[in-house]
Amino acid sequence: MNDEVLSLLSTISVLIAEDDEIARETIAEGLRPCCKAVNVARDGYEGVELFNKFNPDIILTDIHMPLMNGFDMMKEILRVKPRQKFIIFTSYDTDHNLIKSIKQGATLFLKKPIDMQTLRGALVTLTFKNEDELVKISDGVSINLAKEKIYKDGQEIYLTFLQNRLFWLLAYNLNSLVSYEMIDEFVYSNEPTSKNSVQKAILRLKNELNLNIKNIFDGGYMLCASK
């Protein structure tokens, strides 16, 4: 790998969901020296748990796994983060699997056995696609969804850990309802919290960033982009 590729990979966090231990560890060991963070899951359930905990840039997943397969895991994750990027691993290349993967949100496909050089190239390509696209969400505030950066009056700003998790959950689902259940799972990792605490956190975001966040009665919250 050249220095430019290594530099790009060093900014990427990855989650690998693969039930085959040898394949899982081989891929992980091949990525750990060059990626910012690499976490591994043995099935779809563990994949969802680690997604909520680490919010990886890209998820690499097998299709056929026990307990929860790759399709169902993707469905659960896309419910929270509709723009999540996936790379699908599969030993099967039937039209049915490819079509279903596309509908579930898969971005790239790699056939097993995985070639590490091809995988690293796919990660770089996927991460930096449309990386400079900005979305305006309120007067003076724009976001870069690919890089997960927030700009206020042209300057990048930073939030506290919980504020950041809450903000991005709302931003991933711009103009769509974010339920209390989604907030509990993604922001608070299912730790006990009250609706009053969530309401206070929402209010701080609204005041600090002049956001239009609507409270949907008994449903949750919706971040509405400025027109």
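All values derive from a computational prediction rather than experimental measurement.
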_Ile157 with Leu205, same ILVMFWY side-chain cluster at under 4.5 Å_ = yes
_Checking Ser176 against Asn173: is there a side-chain donor and acceptor pair closer than 3.5 Å?_
no
*Would the number of heavy atoms belonging to other residues, nucleotides or ligands and lying under 6.0 Å from CD of Glu208 be above 12?*
yes
*Can you tell me if Glu148 and Tyr172 form a side-chain donor-acceptor pair at under 3.5 Å?*
yes
*asked:* Testing the basics here: between His64 and Asp19, what is the closest heavy-atom pair and its distance to 0.1 Å?
replied: O-OD1, 3.3 Å
*What's the spacing between Asn52 CG and Tyr188 OH if we round to 0.5 Å?*
14.0 Å
*Are any non-hydrogen side-chain atoms of Arg165 and Leu159 less than 4.5 angstrom apart?*
no
*Is Leu123 close to Thr125 at the side-chain level, that is, under 4.5 Å between some pair of heavy atoms?*
no
*When hydrophobic residues are tied together by side-chain contacts of less than 4.5 Å, even through go-betweens, does Tyr221 share a cluster with Val135?*
yes
*To the nearest 0.5 Å, what is the distance between CG (Asn164) and CZ (Phe161)?*
8.0 Å
*asked:* Could you report the tightest heavy-atom contact between Gly44 and Met65, atom names first, then the distance?
replied: N-CE, 3.8 Å
*Answer with yes or no whether the hydrophobic clustering places Leu50 together with Val48; edges join I, L, V, M, F, W, Y residues whose side-chain heavy atoms lie under 4.5 Å apart.*
yes
_Nearest heavy-atom neighbours spanning Ala41 and Gly47_ = CB-N, 3.5 Å
*Least distance between heavy atoms, Ile12 atom then Cys35 atom*: O-CB, 3.5 Å
*Compare all side-chain heavy atoms of Ile202 with those of Leu170 and state whether any distance is below 4.5 angstrom.*
yes
*Can you tell me how far CD of Glu185 sits from CZ of Phe51, rounded to the nearest 0.5 angstrom?*
10.0 Å
_Does any part of the side chain of Leu169, heavy atoms only, come nearer than 4.5 Å to the side chain of Val187, both counted from C-beta?_
yes
*Establish whether Leu67 and Leu15 are linked, either directly or via other cluster members, by ILVMFWY side-chain heavy-atom contacts under 4.5 Å.*
yes
_N/O donor-acceptor pair under 3.5 Å between Asn215 side chain and Gly220 backbone_ = yes
*Under the 6.0 Å and 45° cation-pi test, does Lys81 pair with Phe186?*
no
_Heavy-atom pair of closest approach, residues Trp168 and Asn144_ = CH2-O, 3.7 Å
*Roughly how far, to the nearest 0.5 Å, is CZ of Arg79 from CE of Met74?*
15.0 Å
*Using a 4.5 Å cut-off on heavy atoms from C-beta on, say whether the side chain of Val14 contacts that of Leu60.*
yes
*Val141 and Asn210: side chain to side chain contact (heavy atoms under 4.5 Å, CB included), yes or no, with the steps?*
CA-CA 8 Å; Val141 177; Asn210 189 32; 5.7 Å; no
_Approximate separation, where rounding is to 0.5 Å, of Leu119 CG and Ile87 CD1_ = 5.5 Å
*With distance as the sole criterion, is a donor-acceptor pair present between the side chains of Asp57 and Ser13 under 3.5 Å?*
yes
*Give a yes or no on whether a salt bridge exists between Lys112 and Asp20, defined as a side-chain N under 4.0 angstrom from a carboxylate O.*
no
_Between Leu162 and Leu166, does the side chain to side chain contact (heavy atoms under 4.5 Å, CB included) criterion hold? Intermediate values first, please._
CA-CA 6 Å; Leu162 283 178; Leu166 181 56; over 6 Å; no
_Does Lys36, at its NZ atom, have more than 12 non-hydrogen atoms belonging to other residues, nucleotides or ligands within less than 6.0 Å?_
yes
*Are Leu78 and Val80 linked, directly or through other ILVMFWY residues, by side chains that come within less than 4.5 angstrom of each other?*
yes
*Can you check side chain to side chain contact (heavy atoms under 4.5 Å, CB included) on Leu31 and Met116, steps first, answer last?*
CA-CA 8 Å; Leu31 294 179; Met116 290 307 301; 3.8 Å; yes
*Side-chain contact, heavy-atom cut-off 4.5 Å: Ile59 with Ile77?*
yes
*State, with a plain yes or no, whether a side-chain heavy atom of Ile88 is found less than 4.5 Å away from one of Leu110.*
no
*Sidechain N-carboxylate O distance under 4.0 Å for Lys53, Glu46*: no
*Minimum side-chain heavy-atom gap Ile150-Phe167 below 4.5 Å*: yes
*Minimum heavy-atom distance Ala225-Leu174, with the two atoms named*: CB-CD2, 3.8 Å
_So for atom CD, which belongs to Glu156, do other residues, nucleotides or ligands contribute more than 12 heavy atoms lying within a distance under 6.0 Å?_
yes
*Enter the distance from Asp184:CG to Thr193:OG1 here, rounded to the nearest 0.5 Å.*
7.0 Å
_Worked check of side chain to side chain contact (heavy atoms under 4.5 Å, CB included) between Ile58 and Phe86_ = CA-CA 6 Å; Ile58 300 177; Phe86 295 93; over 6 Å; no
